Amino acid sequence: MATLARLQARSKSIAQQYYYRNSVVDVFRTKENDAAVKIQSWFRGCQVRAYIRYLHRVATIIQKQWRGYLGRQQYQAIVKLAYYTMKMNLYNAMAVRIQRRWRGYKIRKYCFNYYYLKEYLKAVSETNDAIREALEEFAEMKEREEKKADLEREEKERDYQARKMHYLLSTKQIPGIYNSPFRKDPDPWELRLQKAKPLTHRRPEVKREHSVCLSDWLACTSARSFPRSGILPPIDRKRCQGPFRDISEVLEQRYKPLEPTLRVAEPIDGLTEARAQLQKQEWARNVNDNMFLPFSSYHKNKKYVPTMHLSSKYGPDAYGTQHFRDENPKRWICNKDFQTVLPSFDLFSKYGKMYSKAGQIV
């Protein structure tokens, strides 16, 4: 009872102490709560970050494995493609080699026959030699004729000069200028003057007065407007005594017509014209004796052999007729000129580097 009485007496103080202590504890409780929240947030942040690092590490491993798988698949595809390309290149090279051998054999066997081409070139060389010899003979003949004509022209000129200077001929009383008494032998012109005849002056032509008559008018109105003179009868000459030939035979031999050589008489393109004419005749006389048997095997075993001129895929060669050098810029390797291997001549190496006496570039 006493204790209860003491407690009742101290109830007010106890209540004050209770409220005081509670107020003090509330201040520390808020501070501790904030500290606990801060500790929990840090711990949870560390835990979440560790988990995220774990997830990143696991994701990296998964990506690495997946990317390695994709890389290996792509590498296998590249290896397969390279292996296929190598095989195709090898097959193409083998096919090209086989085609090259076969085409070379076909060209040598059927298109460009070596022995036929050899015979053809041999015939061409023989024909060229014969033509060259004929041209050389013709050139020599022309040169001889020109020399002979020049000599005849000079001889005629000398004869004409001698006839003009015939008055300089020596006489018994007065020696001429070409027959000097101080020379042992007379000048050749002296002998030429002795053989030459003096040059006579031409008589002036007398113009006839124009007269109009009926015969002239009839002659002018005829088919030939100019009057013609009648042919004079031949002169009866007596044959010279002695072993002489007839005058007509001599004149015929002297003034016989020119007989040109075969090279001069024939045109230069006679071979081309003859080939064209022969081709026209073949086209005109195109007769086929073989019977047309479309439903039989008569023509199957017969092999057609085309000519070298028509079987070539490049067509006829126009070398020598249209051009002498075929220029195809599409087949050129580069646009640069060929590099000269041999050194140039000394005369041309100094061109543009020397000066003349006048100071100009040579």
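Nothing here was measured: the structure is a model prediction, and the numbers come from that model.
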Do Met88 and Tyr84 touch side chain to side chain, with heavy atoms closer than 4.5 Å? yes
Within a strict 4.5 Å, meaning less than it, do heavy atoms of the Gln74 and Leu70 side chains meet? no
Within 6.0 angstrom of Leu151 CG, more than 12 heavy atoms from elsewhere: yes
One thing to verify: whether Arg158 and Glu154 come together as a salt bridge, which I'm taking to mean a side-chain N less than 4.0 angstrom from a carboxylate O. yes
What's the shortest heavy-atom distance between Asp129 and Arg132, and which atoms? OD1-NH1, 3.0 Å
Are Arg163 and Leu193 packed together at the side-chain level, in the sense that at least one heavy-atom pair is separated by less than 4.5 angstrom? no
What orientation do Tyr116 and Tyr120 show, parallel under 30°, tilted 30 to 60°, or perpendicular over 60°? parallel
Distance, nearest 0.5 Å, that separates CD1 of Ile39 from CG of Asp34: 11.0 Å
With side chains defined as the heavy atoms from C-beta onward, is the minimum distance between Arg144 and Lys148 less than 4.5 Å? no
Within 6.0 angstrom of Gln277 CD, more than 12 heavy atoms from elsewhere: no
Looking at CG of Asn179 and CG of Leu191, how far apart are the two atoms once the value is rounded to the nearest 0.5 Å? 9.0 Å
Is any side-chain heavy atom of Lys106 closer than 4.5 Å to a side-chain heavy atom of Arg103? no
Do you reckon Tyr91 sits in the same ILVMFWY cluster as Met94, going by side-chain contacts under 4.5 Å, direct or chained? no
Would you say Trp189 and Tyr167 are hydrophobically clustered, going by side-chain heavy atoms of ILVMFWY under 4.5 Å? yes
Working to the nearest 0.5 Å, report the span between CD of Glu145 and CD of Glu152. 10.5 Å
Nearest 0.5 Å, what's the CD1-NZ distance between Ile62 and Lys64? 11.5 Å
Step-by-step salt bridge (Lys or Arg N to Asp or Glu O under 4.0 Å) determination, Glu143 to Lys147: CA-CA 6 Å; Glu143 186 177 0; Lys147 288 182 179 179; 3.6 Å; yes
Quick check for you: to the nearest 0.5 Å, what is the distance between Ile52 atom CD1 and Leu55 atom CG? 7.5 Å
Does the pair Lys122 and Glu119 meet the rule for a salt bridge (Lys or Arg N to Asp or Glu O under 4.0 Å), with working shown? CA-CA 5 Å; Lys122 183 179 179 181; Glu119 293 293 333; 5.2 Å; no
Where the side chain of Asn89 meets the backbone of Thr85, is there a donor-acceptor pair that is under 3.5 Å apart? yes
Determine whether Asp159 and Arg192 make a side-chain contact, defined as any pair of heavy atoms from C-beta on separated by less than 4.5 Å. yes
Can you name the nearest heavy-atom pair linking Ser170 to Glu190, along with the distance? OG-OE2, 3.0 Å
Distance from Asn33 atom CG to Gln40 atom CD, nearest 0.5 Å? 8.5 Å
